[in-house]
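Data first, discussion second: the structure below is written as structure tokens.
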Protein chains: 2
Amino acid sequence: MEKVTMADVAKEAGVSKSTVSQFLNKRYEYMGEKTRRKIEAAIEKLGYQPNYIARSLKQKRTSMVGIIVANIVHHFSTEVSRAIEDFFHMYDVHVIVCNADDDPKKEKRYIEMLRAKQVDGLIIFPSEHNHELYESMVKEGYPVVFVDRKVESLDACSVITDNTESTYRAIMNLIEKGHRNIAFAVQPLTVSPRIDRLKGYKKALKDAGLEINPDYIVEADIPELKWKLGQLFSSAKKPTAIFAANERVFLAVMEFIKEREIKLGKEMELIVFDNIPFVHLLEAPISYIIHPAYEMGKKAAELLYEQIQGEDIAEKKFIFPSRLV
Amino acid sequence: MEKVTMADVAKEAGVSKSTVSQFLNKRYEYMGEKTRRKIEAAIEKLGYQPNYIARSLKQKRTSMVGIIVANIVHHFSTEVSRAIEDFFHMYDVHVIVCNADDDPKKEKRYIEMLRAKQVDGLIIFPSEHNHELYESMVKEGYPVVFVDRKVESLDACSVITDNTESTYRAIMNLIEKGHRNIAFAVQPLTVSPRIDRLKGYKKALKDAGLEINPDYIVEADIPELKWKLGQLFSSAKKPTAIFAANERVFLAVMEFIKEREIKLGKEMELIVFDNIPFVHLLEAPISYIIHPAYEMGKKAAELLYEQIQGEDIAEKKFIFPSRLV
DNA sequence: TTTTAGCGATAAATCGTTTTAGTTTCCAGT
DNA sequence: ACTGGAAACTAAAACGATTTATCGCTAAAA
């Protein structure tokens with residue numbers, strides 16, 4: 001089964017493999033009308049299906065690209081991936097999505113495996129611990145695009161959001177509404193978006209002439225987050241607003257709020273920095289900072305595609321503005 | 001760049017390609033201690049990375065499988081896909097996810113492309129129009145597993161939910177609560193889950209001795225759904241409960257409810273048949289029938305893996321029970 | 001001393017394409 | 001009739017691994 005090869009087709013049609021190959025690559029100028037017909041008939045008769053693996057080996061292109069996502073549980077990642085898939089679908093390029101799970105080792109392994117599989121390029125949501133690896137790829141001229149997180153001092157394509165500025169605007173907005181005690185909930189400050197969002201928070205407070213209370217900056221892994229929030233809310237100066245630095249933090253905060261039976265909108269204002277699906281169905285008055293995930297994915301895909309095509313890229317760094325809703 | 005091949009390693013180490021190959025495949029018994037060292041050193045020195053494409057060509061295995069999803073916008077699909085990816089990750093098998101977008105032509109093209117790429121197997125959320133294709137694959141002995149939708153009269157592996165029974169229970173539950181006018185909102189009845197869910201609905205009404213009012217069965221594509229619901233709600237006997245047959249219908253219904261400012265829980269009860277992310281954050285009293293998506297994906301992956309390994313499968317059809325929450 | 005056995009290593013065929021460098025055919029133009 | 005050259009087609013060498021059959025060698029068995 002499934003063993004009919006180009007040689008079989010050639011024999012059946014009474015021509016050489018080369019001609020069949022030409023046919024498959026639609027270079028019809030190189031053959032006469034009747035041979036073309038014969039080949040068509042032979043393919044039909046034998047039910048021949050070309051083997052792309054063999055072709056890839058020769059052509060050194062696989063028509064596959066890889067995405068290495070820092071953590072697939074973020075809705076943002078899936079939106080970006082979807083955009084990338086949609087884009088590459090136009091070119092019959094398949095996409096392999098890998099979830100690094102915020103683990104640099106896993107990330108490295110994936111990068112190596114995908115490259116061993118000869119994917120034509122990589123889109124990476126980078127962790128912060130494989131700089132040398134990124135660098136070697138870039139230096140080598142291997143097509144890569146980085147998304148969501150900054151990779152310092154690397155002359156590579158990247159697509160990110162204006163984390164600091166968006167957060168700044170959001171916090172300013174809260175301050176204008178009269179909030180003075182604003183908590184900032186975030187996972188450990190290991191990657192650039194979190195750091196940049198905190199920068200925006202601090203800058204806003206400073207510009208508004210408010211002092212920065214370190215107690216209000218709740219930095220913890222998800223499992224400990226609720227507990228830390230509990231501590232903060234048991235203290236004297238309860239916050240009147242919380243900024244959740246991403247989707248996962250948001251979920252933890254929401255659980256916390258439900259447990260404590262805090263009334264959103266009345267007692268507490270909440271802002272999240274991330275795209276949350278179905279958020280418009282929630283009745284609670286929550287504000288969101290949403291990234292233009294689809295556009296970012298599309299841009300990343302374009303940048304990768306151009307690299308694969310060997311074009312050189314004029315503008316490598318793209319910063320997309322987020323929007324407060 | 002990146003052109004260092006096995007031959008280079010062999011030359012560097014002063015051995016033959018064969019030995020290097022043995023080394024790479026960890027068949028150390030076939031070589032002496034010192035040669036092993038030399039090869040290790042040579043690989044290290046040259047920064048050799050094996051080319052899996054070449055290996056795949058010879059071995060006729062690619063360590064890749066494909067998933068063809070009917071429609072990626074369903075959260076259920078992504079959950080199942082995730083489970084499949086998690087499973088295959090254990091075996092270093094990569095997964096390519098393709099979105100057929102409910103279009104049989106697209107589905108067919110994907111199946112052919114993935115097979116041309118020599119993926120080792122396929123997990124398919126089948127549309128209802130490629131029976132011959134499915135059949136030929138199954139007959140050929142090519143590893144396939146069907147998910148979510150039934151493929152009649154095909155002796156192939158499949159993993160589905162008990163659509164009829166779960167719907168029956170949910171509707172019965174509504175009836176027990178006193179509802180008599182229950183609407184059933186659904187997309188066109190083209191695929192088995194929708195048909196089976198409707199069956200459950202009808203059976204429940206019949207068993208409860210209620211008559212089936214065809215006006216309450218709102219069958220329409222998503223764009224027309226709101227409009228049709230509007231018609232129904234303008235009529236004399238407004239329903240007091242709605243059963244949304246899947247996630248997309250649910251979204252349309254929710255929009256409708258919001259626009260009409262209908263109060264969920266008081267004026268109207270709502271049940272959805274699908275996994276909705278973040279549903280626990282909604283305050284509205286909605287019931288859900290959730291599929292054990294992760295388990296289903298895992299089972300599908302297992303079934304596929306066993307087929308790929310050439311084992312024969314004792315039990316091919318799996319029906320997972322859904323749960324009303 | 002000869003045979004046997006097994007270890008360590010290798011040459012060469014193979015997988016199914018693409019592509020280069022020809023070769024043959026055929027016909028128009030001189 | 002001969003030539004030049006396009007048109008039509010082909011043989012064979014890649015591509016980078018795996019795998020089979022085999023070989024030389026040494027040490028143990030006969």
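Lettering follows sequence order; numbering is per chain, from 1. Being a predicted model, the structure only gives us computed values, none of them experimental.
Between A/Ser16 and A/Thr19, the side chains place a donor N or O and an acceptor N or O closer than 3.5 Å (distance only, hydrogens not considered).
Rounded to whole Å, atom P of C/dC15 lies 18 Å from atom CZ of B/Arg55. Remark: P of D/dG16 and OH of B/Tyr48 are 10 Å apart, rounded to the nearest angstrom. Here C/dT14 presents its P atom at 16 Å from NZ of A/Lys3, a figure rounded to the nearest Å. Atom pair A/Lys117:NZ and D/dG16:C1' shows a separation of 17 Å (rounding to whole Å applied). Taking atom CD of residue A/Glu33 and atom P of nucleotide D/dC9, one finds them 11 Å apart after rounding to whole Å. Rounded to an integer number of Å, the gap from A/Ile39 CD1 to D/dC9 P is 8 Å. For the pair A/Lys26 NZ and C/dT18 P, the interatomic distance rounds to 12 Å; values are reported in whole Å. Atom CZ in B/Arg36 sits about 16 Å away from atom C1' in C/dC7, given to the nearest Å.
For B/Lys317, there are no salt bridge (charged side-chain N to carboxylate O under 4.0 Å, His left out) partners at least two apart in sequence or on another chain. Not counting sequence neighbours, A/Arg61 has no partner by the salt bridge (charged side-chain N to carboxylate O under 4.0 Å, His left out) test. Every residue two or more places apart in sequence or in another chain that forms a side chain to side chain contact (heavy atoms under 4.5 Å, CB included) with A/Lys17 is listed here: A/Met6, A/Ala7, A/Ala10.
No engagement by A/Phe23 is indicated, since no non-hydrogen atom pair under 4.0 Å with the nucleic acid exists. Residue B/Val20 is classed as having no contact, given no heavy-atom separation below 4.0 Å to the nucleic acid. Nucleic acid contact for A/Thr35: sugar-phosphate only, since backbone atoms but no base atoms lie under 4.0 Å from a heavy atom of the residue.
Annotation: salt bridge (Lys or Arg N to Asp or Glu O under 4.0 Å) contacts involving residues 75-101 of chain B, sequence neighbours excluded, comprise A/Arg109-B/Asp92, B/Asp101-B/Lys106.
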Determine, stepwise, if the pair A/Lys299 / A/Glu295 fulfils salt bridge (Lys or Arg N to Asp or Glu O under 4.0 Å). CA-CA 6 Å; A/Lys299 173 54 80 181; A/Glu295 287 69 32; over 6 Å; no
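In this structure, A/Asn25 and A/Arg55 have side chains that are in contact, with non-hydrogen atoms separated by less than 4.5 Å. Using a 4.5 Å heavy-atom cutoff, the side chains of B/Tyr48 and B/Glu12 are not in contact.
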Once each nucleotide of nucleotides 19-28 of chain C is scored for protein heavy atoms under 4.0 Å, what B/S/- sequence comes out, 5' to 3'? B---------
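At the phosphate of D/dA17, OP1 or OP2 sits under 4.0 Å from a side-chain N or O atom of B/Thr5.
In this structure, the separation between CG on A/Asp102 and CD on A/Glu107 is 9.5 Å, given to the nearest 0.5 Å.
Both B/Ser16 and A/Met6 lie near DNA chain C, and the one whose nearest nucleotide falls closer to the 5' end is B/Ser16.
The end-to-end axis angle of the helix from C/dT1-D/dA30 to C/dT30-D/dA1, rounded to 10 degrees and based on five pairs per end, is 70°.
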